[in-house]
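The structure under discussion appears below in the form of structure tokens.
The basis for the numbers below is simple: all heavy atoms, side chains too, and nothing from hydrogens, waters or symmetry mates.
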Amino acid sequence: MKKTIPYIVLTALIFSFSLLISRSFRVSQIPNGNVGNCANCHINPAGGGAKNSFGSTVEASFLSSGNVVWGPELAALDSDGDGFTNGEELQDPEGAWQQGSSAPGDPNLVSLPGDPNSVPAITSVNDIHGFVNEYKLHNNYPNPFNPSTNISFSIAEPSEVAIRVYNSLGQFVNELTNQTYGPGTFTATWDAKSINGGKLSSGMYIYSISAKSLFTGKLFTESKRMLFIK
């Protein structure tokens, strides 16, 4: 009997290690998964054992034949309840990334989607995609939001760009950026504060883009609504 105990323990260890290795491929099935590795889905950073909130979300609804199904639906969820969607934390807010593609966004800004104490560093504007051929103001995310929301915009050619926020009466509230951008898609973060840093009340706000091409002088403008709820 004494001789069989070490054998059983060794077998269990080998099985656990094999199971861990066999599932480590999943880190490559989410954008920038290599940054957090197993800590993206597990409470134990080394992997295995109990899953965190993001891992539980994936296991419950976003596995197909053992593979992670990454896309807009999973990206739009805030699994750990820290105010940032899974996509925001993994630098792919719209869930557009696909396996085999290069990592989106800035790996230095990636945070753990299953850890409420790990949140993205809020920067004014980040380049999140490569070349685009159209001007567009995207829907903010999350919406409704609290405490902050991200506003993405696409620029087709070098342009002078301003992103501004107004209240429901059309009164100016804040300017998120006002500078020249080359072609690409960018994200500005707004923390529901005025241009002077004052906290704003709950309600509907309007965000707009004004982009003037440096080549043709053509002006692109668009506005959308967003809801801030305290």
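Side-chain polar atoms of Ser152 and Tyr141 form a donor-acceptor pair below 3.5 angstrom. Side-chain contact of Asn150 with Thr189: a donor-acceptor pair under 3.5 Å is present, judged by distance alone. Checking Asn67 against Gln29 by side-chain atom types alone, a donor-acceptor pair falls below 3.5 Å. Side-chain contact, Ser111 with Glu89: a donor N or O sits under 3.5 Å from an acceptor N or O. With 3.5 Å as the limit, one finds no donor-acceptor pair spanning the side chains of Ser53 and Ser79. Using modelled atom types, one finds a donor on one side chain and an acceptor on the other under 3.5 Å when comparing Glu175 with Asn178. A donor-acceptor contact closer than 3.5 angstrom links the side chains of Tyr135 and Ser159.
A 4.5 Å side-chain heavy-atom check between Asn174 and Leu200 finds every atom pair outside the cut-off. Between Glu94 and His138, the closest side-chain pair of non-hydrogen atoms falls below 4.5 Å. Contact of the Leu63 side chain with the Val58 side chain is registered, since non-hydrogen atoms from C-beta on lie closer than 4.5 Å. A heavy-atom distance below 4.5 Å is found between the side chains of Glu160 and Leu214. Counting heavy atoms from C-beta outward, Trp190 and Tyr205 have side chains that approach closer than 4.5 Å. No side-chain heavy atom of Ile209 sits less than 4.5 Å from a side-chain heavy atom of Thr221. Between Met226 and Ile151, the closest side-chain pair of non-hydrogen atoms falls below 4.5 Å. Looking only at side-chain heavy atoms (C-beta outward), Val173 and Ile195 stay at 4.5 Å or farther from each other.
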Review point. Would Phe62 and Trp70 satisfy ring pair (Phe, Tyr, Trp, His ring centres under 6.0 Å), going step by step from the backbone distance to the final call?
Key: CA-CA 7 Å; Phe62 297 94; Trp70 177 260; 8.7 Å; no
**Study point:** Chi angles and distances behind the side-chain contact (heavy atoms from CB on, under 4.5 Å) call for Asp115, Asn40
**Key:** CA-CA 8 Å; Asp115 182 356; Asn40 286 304; over 6 Å; no
**Study point:** CA sep, side-chain torsions, deciding dist, call: Phe145, Phe228, ring pair (Phe, Tyr, Trp, His ring centres under 6.0 Å)
**Key:** CA-CA 5 Å; Phe145 68 95; Phe228 172 51; 5.3 Å; yes
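One N or O on the side chain of Asn86 and one on the backbone of Leu74 form a donor-acceptor pair closer than 3.5 Å. Proximity of a side-chain donor or acceptor of Asn37 to a complementary backbone N or O of Pro45 within less than 3.5 Å is not detected. Remark: the backbone N or O of Ile229 is paired with a side-chain donor or acceptor of Asn146 at under 3.5 angstrom. At least one donor-acceptor pair under 3.5 Å links the side chain of Asp92 to the backbone N or O of Trp97.
Close placement of the Phe153 and Tyr181 rings is indicated, their centers lying within 6.0 Å of each other.
Hydrophobic clustering (ILVMFWY, side-chain heavy atoms < 4.5 Å, transitive): Phe220 and Ile206 are in distinct clusters.
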